[in-house]
Structures are given as structure tokens and as C-alpha cells.
Amino acid sequence: MGINLFLPTETTASQASISLLDTFKSVPIFELASVCINLTLFLVFISIVSARQIVVCLGRFRVPKEGSNGNSVASRHRGDVHGEEIQSLVIGKSYKVSVFCCFYVLLVQVLVLGFDGVDLIKKKSARGQGHTSDWTVILLPAAQSLAWFVLSFLTFYCKYKAAEKFPLLLRIWWVTSFIICLSTLYADGRGFSTEGSSHLSSHVLSNFLVTPALAFLCFIAIRGVTGIQVYRNPDLQEPLLGEEEPGCLKVTPYGEAGLFSLATLSWLNPLLSIGAKRPLELKDIPLLTPKDRSKTNYKLLNSNWEKLKTENPLNQPSLAWAILKSFWKEAAWNAIFAGTNTLVSYVGPYMISYFVDYLGGKETFKHEGYILAGIFFSAKLVETLTTRQWYLGVDILGMHVRSSLTAMVYRKGLRLSSSARQSHTSGEIVNYMAVDVQRVGDYSWYLHDMWMLPLQIILALAILYKNVGIAFVATLIATIISIVATVPLAKIQEDYQDKLMAAKDVRMRKTSECLRNMRILKLQAWEDRYRVRLEEMRGVEFKYLKKALYSQAFITFIFWSSPIFVSAITFGTCILLGGQLTAGSVLSALATFRILQEPLRNFPDLVSMMAQTKVSLDRITGFLQEEELQEDATVALPRGISNVAIEIIDGEFCWDPSSPTPTLSGIQIKVEKGMRVAICGVVGAGKSSFLSCILGEIPKISGEVRICGSAAYVSQSAWIQSGNIEENILFGSPMDKAKYKRVIHACSLKKDLEHFAHGDQTIIGDRGINLSGGQKQRVQLARALYQDADIYLLDDPFSAVDAHTGSELFKEYILTALATKTVVFVTHQVDFLPAADLILVLKDSRIIQAGKYDELLQSGTDFNTLVSAHHEAIEAMDFCYQVPEKQDPLNGSVLMSKKCDSVGHNIANMAKEVQEGVSASDLKVIIKEKKKSKRSRNKQLVQEEERERGKVSMKVYLSYMTAAYKGLLIPLIIIAQTLFQVLQIASSWWMAWANPQTAGDKPKTSSMMLIVVYMALAFGSSLFIFVRAVLVATFGLEAAQKLFLKMLRNVFRAPMSFFDSTPAGRILNRVSIDQSVVDLDIPFRLGGFAATTIQLLGIVGVMTQVTWHILFLVIPMAIACLWMQKYYMASSRELVRIVSIQKSPIINLFGESIAGAATIRGFGQEKRFMKRNLYLLDCFARPFFCSLSAIEWLCLRMELLSTFVFAFCMVFLVSFPHGSIDPSMAGLAVTYGLNLNARLSRWILSFCKLENKIISIERIHQYCHIPSEAPALIEDSHPPSSWPQNGTINLTDLKVRYKESLPIVLHGVTCTFPGGKKIGIVGRTGSGKSTLIQALFRLIEPECGRIIIDNIDIKKIGLHDLRSRLSIIPQDPTLFEGTIRGNLDPLQEHSDQEIWQALDKSQLGEIVRQKEHKLDTLVLENGDNWSVGQRQLVSLGRALLKQARILVLDEATASVDTATDNLIQKIIRTEFKDCTVCTIAHRIPTVIDSDLVLVLSDGRVAEFDTPARLIEDKSSMFLKLVSEYSSRSNGIQDF
């Protein structure tokens, strides 16, 4: 006989259901809720498990795998997570406690179930009717036991799964259990207070016992982390990106974050906690997820862009459409958040009238007040969460667009044709990347405003219709008028923006050129003239900046006034139509206008941004549509397919396709594999262009060019990347030690590397500034040789090296290392020609002769002229007979091994001593030391970019605030903003106070009085906004201009060492991006911060006026906000600094790649450089993404705090007894309170953004305090106007180093150059020749010693006085963009006649006369439309115009042929016969007729005497150099 626990058998079905319902009614509500929730979650768990099993079964059924067994899934979970092998697991304490808590709760529930079950059976044994419902006692413990059994199992299973996070279902279950537990505790507490101890039961006791365990589990659920640490086998992990530096292989948690973590942005916590402990470094910042990386986004955008181009080739493709097609999914997600946000933001204004009615005593249902407060709170909470997700999504979208567009612009820069390249300078291309791409990315913020503005207006009109009836039509009309009024303003703004951008481009182009050529500006004492030019260009830019900012100020006034105008029109119309306004409807309308104010105020920004973005999109589209290099210019055949390496058939080429005369015509040549081809000809004959046509660089008009195999190219002007020497040589290839050593030897670089403190790890300055001309050229040659190409194209590679190095290079490099390769080389050195298999002589754009050396000699004509000019130079040396006859001409090396008695610094001798005297163990020590020096980078010339750490100094703020009118405008701006806020609040208070509280009440004033006072207060406030906007613009303009001029003047006054050690990209970053921020951003950020602060104080003031108790919450909230802001700023500040620093390498790579595009293409390295660019973009995006996320992290927490304060205020107002508080004032407090969270987050945000933007001023500030070089003029120490009269130069114990941390370059040089004499300065490459000249011009200040010119110590006079009296023709010929006249006479000191004379003397007169514009003939950037030899002749023309008493020639004729060199030397002898001429040359004939020769070796004076005496001394170094040159000229064909 069983016990019927449920229902008596005789009851009917209907009675049973009624009885069951009654039974459940008797169960406490929280117990019933607990049972239902636990059973529901249990069913969800069962469903998930079942679904997974079905999926696994289906997977096995469809894809049967060989050798798979039943344990495969389990084993994969156990040992291998995400395909990576687990080395070890570390179980944390938190996991152990979590498991214990679960089993503890399970135990308690099982005990309660047992106790209740036994008790029930005892009671039921009596079978009494009164106990029919007792069975419900075991319902709760049964459900709880089942639930906690599953929960305990799930928690324990995490260990076997090696899960680092608890499953989402488990976490939700724990949190829910804790909430129910707390609710039950509250109910039990109330039960005890009414029933006393009789309320105690097993359920109450068990609930109390499990509370601590559930609290802990709830905390763990929120964190989500299990406490299990998984260590995977690092060997099996693939690197995430080829070029990532070690230490940052951790991917951002954002990609794997759960729902809660994404909503609260708590995935950022680990990074912020590091930032709070110490300043962040780049290695601390995790990598982006693959979908956020530049490569992914670039591929996506590029494929859509190419599709659009192919779909409609006739029309210009739309870049905007390509962007939308690529990123529409992200934009759609953002749209969902933006739409939700807009809808919930209108809940508050809609409900205010009901709230005021309730406070006025009109209660429509029970607990209406609390329900209203709940609705307000829920709407605000959803608004806060969606805002943050929307903003972060918009930022990420912008980041994707920016990185993909930057990559496209960079790729285009590498592919531009020569004609397209002429219309886009490197400065302009950098501007496309730095400014235009930035602008297009920023438009993502305004993307949704186009459809949100109409939606917001419709919602606002619906609420207004409820409050003011038909008068809402007036609102619509007033809104349309406000919007339409901005259209002409926006057009004006767009026009100013266009002109501003164009002016900025011009300034950036000139700045970039000046920075590149600062050395020549300083040598010629032109820097002041060029600085004034830049200031004039800035003046033009500033004119448009002024117009743009003042028009912006007017737009600001219009749009702060528009909501006031709209509200005045609406209320006026309502009163005129006889409508009844109440306090509730007025406050609801005002809250609606306040929300409408935001989109209306943003509308001018939207229109302006649309205009700016369109301009930028058009500029980028135009650039991306530019002509690329002809893909069919050359036909590339695979290696080994043909025996002909290079073949040109009927080739006609022209740099400018529109020019009637081609650059090269009638080119017919066939070069077989392994041939050596030499190209020679006079200056401007087209030798470099010939190599360009083989590379496919020069536009092909007709004919065919075929190349078989890979090519390597060495340009005439050395192109060196910033980085170390090893990186330049490897050029992206893997290191092969044996091959690397062979290359170093073949390029004669071994000795040079030994002289560098850091060997091949020496970091090269901008454009190879710390290498001599010869070293740069040899690094280029090494780069080419290491690539192991099939064809070598060398453009005059021996011009920059001395005779000995030149012959050694020719022998080791061309004749030995490249013995089996095809080599085409341009040369002016006739002595190298006999070794060529084929010589091509170019003249007037044609090959006029081709053949072997002897054949061409016999045929006479032009080749004979070149060779005879060379022989004349050799004979002029007049010493050949002095070389001992019995000595073989090629045995110059015998002389090298003899000891130099006069000075014991012979390099070969030192090398010999080292070899003899150093043991193997000592050598090991030396190698160790070298390795050590490789690691230390603190003594390198180029250092990492400087960056401040910690808080932005108050000095930076003050320097900016006092930059304009000594800060007098700041208090005026604050007063204007304060008056605006006071009048705004007064106008709202007036409308709330003067109108009746409910529909039947009497108004406190007449309708006319009501509207007149309101309009006076409202329009008065808008007047002050106008004053503030004008003051902010005025202040910003003045401060920006002062900072710019101060920075520019400081940069131009900086010593040359600053430019040597600072990549141009860093300076350009400051004068473009940072200056743009100061021009357009910071004044408005500062004004915005002041405005938001005052608004926030106004809101808190209104709320405390009604409920002063709110202060108890506001004060702790403010403290919490400030603490969070401080915690956030510690990381944010460093992130913004890292972002600024990571921008410079991108700009630097842009500049470098565009300058060396021909070399990059020549080596076929476009892909590698593209990868490098993508890597640098990711390095920039990593801190940028974290910086954006950190802002949202902070705002979310601030807004949540203010939302809770607002909710507290609402509950407080509801709790007051009716009548104890003025409903209209309470309504006003709520109206302003609705804005509290938005204002608070905006206040913090505006402060953080201001501090982040102020970093631009901090960076400009750094360059406003660069240590200056010596003064340009010293008032009391001007030299006489006729100085120097004689030109005598005395050097006394001169010691020079480039930087304090670098070794000495000149070691105590002492000698005298007599006035009016010709001094030849010779020595091996890197012996200190150019350094001596730099010391003479005081580009480098000597460490000790003196230089005296005509009895005046040059240290005691101004730099301008010194440099303007000396003349130089430098090693690297430089032309500035402009005209020939401007290049010869930038200071405009000479007449046209004098300029023509100088051109004729420098052999350029005829060439310039043939040009259409004569002296106004255009010179492109870097003088690209003039050959290197012609540029050198222009430099000679400058010297002829200057007519200084001292002339320095630094390798002045290295890039011209021997005949032109001889001619130049004759000109110099006649034109400068009474001058002191110091000539540095590698060509011995150039210095052999000097009065004195100075031989330098390792920075010391080896010899100083007349050439004749030095040649007589058989042990002299000069004789060795002469012998080498002579022997090379006589015997090169025997190599």
C-alpha cells in the first residue's frame, strides 16, 4: 500500500487542476521563481549538450577519417586547445574555491532535500486531509539539488577542457542564483520582523548558509576567468606576422571577448592595469585581431576598387562606393546601435509631462512614480550601453578605412609613372596619407547622421505634437529654415578648406625640400631666405585658416542659436493659436529641443565634413587614377630561357610624352649573357636614361625591350634607407654569413666597418647622412651584389670613390664577383673602358658608336675626344717618368706595403701589425667586444624618437594659453560661456515657473510677457555664444601662428647634427599633423572643455536646488569620476604618445620609398616594401585602437555612475509626499538630469581628448627648444666687408666629432693654407676630408683647436658672416624646385647678365638657351629633370656668381666626364686665380696642379707639401695614390 503524495484518487480532473493551482499559490513567490529558473536553465543545458552531440555525430557521418577512434574528441580537448599542444596547466586558487563552493551548495541542498523528504513522509503517514499540499516543501530542494549537481559537474569539467574562461551559461546561472538568494534573504528578513522565530525553517536556514558561497561565485561569474593557466608549447605556435618584434605576440582579448566583456569593455582591464603601474611601451600593447589588420582591410578595399575600375572603364570609379562595398557590414552594425540609441534617447522627454503630472498629484495607477523612475532608468541604461558600442564601432570602422587607404596610396606611390610623379611631389603624397586619408577615416563619425537627423526630427515632432498640438508645424518650418541657412555657409566653408589644403600642400612641399637640403642651405648661408619663404607660404595658408575659423565661429553661433530660435517660434505659435501650455508640456518640449539641439548643432559639422571628405576623396581618387609605369615597357623572360640578357629593338623613349624631341631614339642593342657593357658620353647625353629604359622607368614610345633574368640597380645618387648598414645590404634577403663576408670584401667595406664603433650595426642617418659619398655608393653596390641577380645596371658607381678604392672595386666587384653576370655600367672613368666587352658612346639621345675599346679608338670621332681628354689629364700630372721604370705599372701594391716614415699611420701597416701581434684569444675578445658594441645603441647617431613620459606638464598648457595676447582672452571666454549657461537656465526656469502646473490652473503672467521675457533671455544667451566662438577662434589663430613661427625658426637655427640624427619624417610629422591639430583642433577643444565644465556645474546646480540631498551622491560620484579619469589617463597619455611616435616611421617610409622608388622597382622589391608599410600601419593601429577603446571604457563607467545618480534623484522625488515639492521645479531638475550622464562623459571625454591633443603642443614645444647653433650674426664682432682679403687659413690642433657620444673623426689637424693658393685635399674614402670642410664652414663645431682665416678666429664671428664669405661646390649637387634663375641666385642679388655669364662659364649657357623659358626654365623637385652632371655645373655657376675669396670644391666634378672636368678646372684656374681654392678630389689630375697637397689618413695629417716634393719622396702616401691612378689608367685592361 503506497503513499499518495499528490492528490486523492477520487477527485475529478477539474478539481485536480484547481487544487494544484491553490497548492502553487501557497508556495512563496521567490521559491517558485527559483524552481522555474533552475528548471529552465537545466533544460537549456540539456538542449545545448544534445545539439553538440548531434553536430558531432553528423560531422563523423559526413567526414569519415581514417584511424579515428572514439576518444579523439576527448583527447583533443585534453591535450590540444585550438590546435596547439598544451605543455602544462596551473590550477589557480580561485578555481579550487569555485569548485568547493559548488559542491558545498550541492551538499547543503541534498541535506535539505533529505530532511524535508523524511519530514514529509512522517507527516503523510497519518493520511490526513490537511496535509495535501505539503509535498511542495521538497519542490525547492529537489530543483536546487538537480541544478547544483549540473553546476558542480560543469565547473569540474572546465579543468579537463583546459578552459581559461567559464562557460556563459554557467556564469548566468551563478549570477541568477545569487540574485534570487538575496531577494529571498530580504523576504525572510521581513518575515522575521513580523512573525518572529516562527518564520524559521530548513529553507530559510539553507538560504542563509549558502549566501557567502553564492556571493563568491557571482563575483567569479562577473570576472569570467576560471583561474586555470594554460601553457602551450611555444615551438608549435606560428608567428602571427612576419615582422612582429618579440614580446608582442599576444593578440588583443577583444577578438575572443564574451558578451559581458564586450558590453562593459572589461577586456581592456589588463592593459589599463599595466598602464597604471608603469608607463606603457609598444611591446605591452597586444596585436590586432586578423580582421582588424591593415592587410585584411587593404585587400578587401583594393579588390573592390579594382572591380569598379574594370566594370566601367570609361567613367571615373567612385572611391566612396568602393569603401562602402568593403565595409558595409561594420556600418550596418553601427547603424543598429545608433538607431537604438536615438529611439531610447527620446523616452525621457516623452515621459517628463507624465512625471510632472504625477508630482502634481495626478496618479493614474498604483506605484506610478516608481514605475516612471524605472522607465527613465532603463532608457538611460540602454542609451549608455548603445552609445559606447556605437562610438567604438565607428572608431574601428574609421581605423579600417584609414589603414586600407594609406596602403593603397603607398602602393600607388611605388607605381607612379615619371610624368605622374612630376605632378605629385613626395610632400604632396605624404599629405594625401597624413591629411586626406585621415579626413576620410574621420567621416565614419558622421556616416549615420544623414539618416539619423530626419529620424530625430520626426521623433521630436511627434513629442511636440503631444505637448503643443498643431504648433509643431511651426517647429518643422523653423527647423527646415535652420538647416537650409547653413547650405551657403557650408559652401563658403568648403571653398576655404580647399584653399587651405592647397596652401598647406605648397608649404609642405617646400618644407620637405628645405629639410632634405638643409646642408646646402647652411653652406650657402641661404637658410634665412628659405625660412622667410616658408613664412610667406604660411602667411597665405594662415589667411585661409583665418577665414575658415571665423566662418566656423559664425556657424557655431547660428547652431547654438537654432534650438533657441526653434523653441521661441514653437511657443510663440502655440500661444498665438490659443493653445494651453502647462509646466509639464513646456518641460517636455524643452527636453525635446535640447535633444534636437545636438543633431542641429552637428549639422554644420556634417555639411562641412561632407565637403571636406569630398575634397579629400576627390584628391585621393585623382591620385589613384594617375598613370602608372607601363607594364609592357619591358618584357621579362625567366632565367635561362635565352642566351640574350638584354635586347632593345628600335627603342624610342621620352621622359615627357608631350615633348617633340625624345630622350632616347633609335636604340638598337643586344647584350648577351655574361657581357660587360660600358656606357659613356658627355654630360646630359642620356646615359642614366639608357639604364632607365632597361628598367622600364622611362615611358616607351615605340620598340621593344626584353630582359632575361632578375636585375639589380645601383643609382647615380645613392639611395640609402634609414636603418643599419646590415639591413641596407641584406635588403630583405635572409642572412648568409659566408656570402655576406664575400660581399663586404668585394665592395671594399671591411675597413670602413672596422672604423665604425658599431660595425655593420651602425644606424645610418636620414638619407645616409653619416656616411661619406664613397661609403654610400659602396653600400649600394653591396646591396646589389648580395641580391645575386642575373643583370647588374650600375649608374656611374665609381665617381664617388678615390682612385685606389675605384680600381680595387673594379677588380674585385666587376671583374671578379660579377665575372659570370651581365653588367651594364655608366662611367666617366676612361681607364675602366678597356675591360668592357662592348662600349656604347651616347650623344644627343642616340648611340653614335658601339664596339670594343680598340675598335672605337681606331674609328676616331667622339670616343677619341673622351679618351684624349683623359690622356691630357694624365699627362698634365707630369710625373709618369718619375715612377721607377723597372716597376710594373700594376705593382702599385708594392708601394702600399712600404712603411710611411713621415707619419706612422699607414692603414695597411696597421693591419699588418694587428695580424702579427694579436693572438687568436685576443681576436676572440675583440670579436666579443664588437658584438657587445652592436647591442648598445645609445651611442648611435640616430636615436629613437624622444617621447615625454607621465603627465603632460602644466608648462605646456601655460605656454599655449599665454601664446596669444599673454592669456588675456581666456577669462573672457570663460565669462562669455558662464553668462550663456546662466541665461539658458534662466529661460528654462522662467517657462517652467510662469506656466500653470496642470491644464486647469491659472497662468502666473500674460502670454505676451511670457514669450518676450523668454526670447530676451534665450537670444541673450546665444549672443554670448557668438562672443565665445569669436574669442576662441581669435585666440586659436594667434597661438597657432606664434607656435609655428617659433618652431620653424628654431628648426632652421638648429645645428646640422640635429638634421643628421633626426629623420625628416619626424620633423614633417610636427609641421604637418601636429601643426594641423594646433591650427584646427585645440582651440575648439579648449573652448569645448570650458563650455562642458560650465554646463555640468549648471546641471548639478539645478538638481541640488530642488533636492539638495543629491549632493550626498554627487560628491562621491565626482571623486569616483576623478579617480577613474586619473587611472585611465595614466594609460591613455602614453598610448597617445606612442601613437604620435608610430606615425613618424610611416611618413618616413613614405618619403624614403618615393625617393627610392626606382631602386625598389629595379630590385623587384615592391611587395616587401608593401609588407613593411602594412606592418608599420599595424604598429600604429595597435596603440590607436587601444587608445580609442580606453576612451569608451572610461565614458561607459562615468555614464553608468551618473545614470545611477539620476535614478536616485528620481526615486527621491517620487518618495516625497505630494505637495511638499514644486512639481515644475522638480520637472526642471529631471529635464536637466536627463542630460547629466551625457554631459559628464562629454566633460571627461573633452578633458581627455584635450590632454591627448595637447601632446601635439608638447611635441611642437620640444622643437621650440632645440639647442641652437652659434648666432648667425654677432653685433660687436662683424668682420670687415672686404674680409677675407688674402684667404689664408690656419688650422691649429683641430679635433672634431659628430656628436658627444661618437668617436673623434679628426685627430689634432694642424696646417696652414696660404692665401691665393690652390690646395688639394686627398685621402682614402672616410679619411675625414669632408669633415674638415664641414669644420671650416662650422657645420660641426670643433671639440678643440682653432681655425683662423686672415687673422680672424672663425669661432668669434657670426655663422652668416662666415658662410656668406666662403663658397662651396658640394659633393651632392642639389637643385631646388623652381627655376634656373632661382637656383643660381635665390637671394636675388645679381642681374640677368651676370647669371648668363655664370651659366656660360659653367658650360650650361647653350643648354639653357635652347629651353623655351630660358632662365625661367622649370626645375622639378630634387632637380629630377636635370642630369646629375648638369646639377653639378649649376653648383659651379652659383660659386662663379658668389665670387668669394675662398672656394671649396668637395668632389665637385665627380659626376662629369673627364673632358668636362678638365674644362671646369681651367675655368676655376682663370676665374678664381687670386682665390684660395681647396679641392677634395678622387681624380688625381684634378689636384696634381695644386700649389700644395694635404693627405689625410684616419683623420690625421699624413702629409702636407707641394705635389712635386711629395712625389719625390718614395715613401709618401701621395705617391702611392698617384701611382695607383696612373697604373689603373695604364693597365686596367690586364686585370
Side-chain angles (χ1 to χ4, degrees), residues 751-752 754-757 770-772 774-775 802 899-911 913-914 939 941 1055-1057 1060 1269-1270 1287-1315 1317 1319-1357 1362 1366 1446 1448 1450 1476 1478-1480 1487 1490-1506 1509-1510 1513 1515-1518 1520-1521:
K751 288 237 166 66
D752 300 271
E754 283 168 4
H755 289 156
F756 288 126
N770 51 337
L771 300 180
S772 72
Q775 287 167 335
D802 60 76
K899 195 166 190 300
C900 174
D901 295 324
S902 58
V903 182
H905 296 302
N906 186 313
I907 299 165
N909 194 53
M910 283 171 76
E913 283 173 15
V914 167
K939 291 190 177 181
L941 175 68
M1056 202 59 224
S1057 59
D1060 290 350
E1269 61 181 352
T1288 305
I1289 304 170
N1290 290 307
L1291 308 174
T1292 312
D1293 191 31
L1294 194 67
K1295 289 183 183 172
V1296 174
R1297 66 169 92 228
Y1298 278 92
K1299 201 176 171 188
E1300 277 181 36
S1301 58
L1302 295 174
I1304 286 180
V1305 182
L1306 292 181
H1307 302 266
V1309 172
T1310 303
C1311 57
T1312 300
F1313 300 165
K1317 301 289 184 186
I1319 317 290
I1321 303 170
V1322 295
R1324 302 261 182 260
T1325 299
S1327 59
K1329 303 184 294 294
S1330 292
T1331 307
L1332 180 66
I1333 299 308
Q1334 289 187 62
L1336 179 64
F1337 280 82
R1338 285 179 68 192
L1339 286 186
I1340 311 170
E1341 294 290 354
E1343 190 166 78
C1344 65
R1346 295 192 304 166
I1347 301 175
I1348 295 168
I1349 300 176
D1350 282 3
N1351 303 317
I1352 290 180
D1353 187 344
I1354 64 168
K1355 223 173 181 181
K1356 292 180 179 170
I1357 60 170
L1362 168 69
L1366 307 178
I1446 295 173
V1448 176
D1450 187 359
T1476 308
C1478 303
T1479 308
I1480 294 177
V1487 293
S1490 303
D1491 300 312
L1492 291 164
V1493 171
L1494 171 68
V1495 183
L1496 288 174
S1497 172
D1498 287 354
R1500 293 179 171 85
V1501 177
E1503 294 155 7
F1504 184 48
D1505 212 331
T1506 62
R1509 281 199 199 140
L1510 290 175
D1513 180 359
S1515 63
S1516 81
M1517 281 185 76
F1518 185 63
K1520 294 181 182 72
L1521 292 168

Next on the checklist: For Phe1504 and Ile1319: C-alpha separation, side-chain torsions, deciding distance, then whether side chain to side chain contact (heavy atoms under 4.5 Å, CB included) applies.
Outcome noted: CA-CA 10 Å; Phe1504 184 48; Ile1319 317 290; 4.3 Å; yes

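- Partner Leu1306 forms a side-chain contact (heavy atoms from CB on, under 4.5 Å) with one of Ile1340, Val1501, Leu1294 and no other, that one being Leu1294.
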Next on the checklist: As a quick check of understanding, evaluate side chain to side chain contact (heavy atoms under 4.5 Å, CB included) for Cys1311 and Leu1492, giving each step before the final call.
Outcome noted: CA-CA 11 Å; Cys1311 57; Leu1492 291 164; over 6 Å; no

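- When side chains are defined from C-beta on, Leu1332 counts as touching Leu1291, because their heavy atoms get closer than 4.5 Å.
- Pairing each heavy atom of Val1493 with each of Val1322, the nearest pair is CG1-CG2, 3.9 Å.
- From Thr1310, atom OG1 reaches atom CG of Asn1290 across 10.5 Å, with rounding to the nearest 0.5 Å.
- Residues Gly1308 and Asp1293 come closest through the heavy atom pair CA-OD1, 3.3 Å.
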Next on the checklist: Walk me through whether Arg1297 and Glu1343 qualify under salt bridge (charged side-chain N to carboxylate O under 4.0 Å, His left out).
Outcome noted: CA-CA 7 Å; Arg1297 66 169 92 228; Glu1343 190 166 78; 2.5 Å; yes

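- Contact detail for Ser1497 and Ala1502: the closest heavy-atom pair is CB-CB, 4.1 Å.
- Between Ile1349 and Thr1476, the closest side-chain pair of non-hydrogen atoms is not below 4.5 Å.
- Rounding to the nearest 0.5 angstrom, the gap separating the CD1 atom in Ile1304 from the SG atom in Cys1344 is 7.0 Å.
- A pairwise comparison of heavy atoms in Leu1336 and Ile1354 identifies O-CD1, 3.5 Å as the closest pair.
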Checklist entry - Could you go step by step and tell me if Phe1313 and Ile1446 meet the side chain to side chain contact (heavy atoms under 4.5 Å, CB included) rule? => result CA-CA 11 Å; Phe1313 300 165; Ile1446 295 173; over 6 Å; no

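- The two atoms that bring Asp1498 and His1307 nearest to each other are O-CD2, 3.3 Å, heavy atoms only.
- Interatomic distance, Thr1506 OG1 to Lys1317 NZ, rounded to the nearest 0.5 Å: 11.0 Å.
- Rounding to the nearest 0.5 angstrom, the gap separating the CD1 atom in Ile1480 from the CD1 atom in Ile1321 is 5.0 Å.
- Not a single donor-acceptor pair under 3.5 Å links the side chain of Asp1353 to the backbone N or O of Ile1348.
- In this structure, the side chain of Lys1355 does not engage the main chain of Arg1346 through any donor-acceptor pair within 3.5 Å.
- Across all their heavy atoms, Ser1515 and Lys1520 have their closest contact at O-NZ, 3.1 Å.
- Atom CD in Glu1269 sits 7.5 Å away from atom CG in Leu1339 (nearest 0.5 Å).
- Atoms CD1 and CG, from Ile1347 and Leu1362 in turn, are 8.5 Å apart once rounded to the nearest 0.5 Å.
- Using a distance-only test at 3.5 Å, with no hydrogens or angles considered, a donor-acceptor pair links the side chain of Glu1503 to the main chain of Phe1518.
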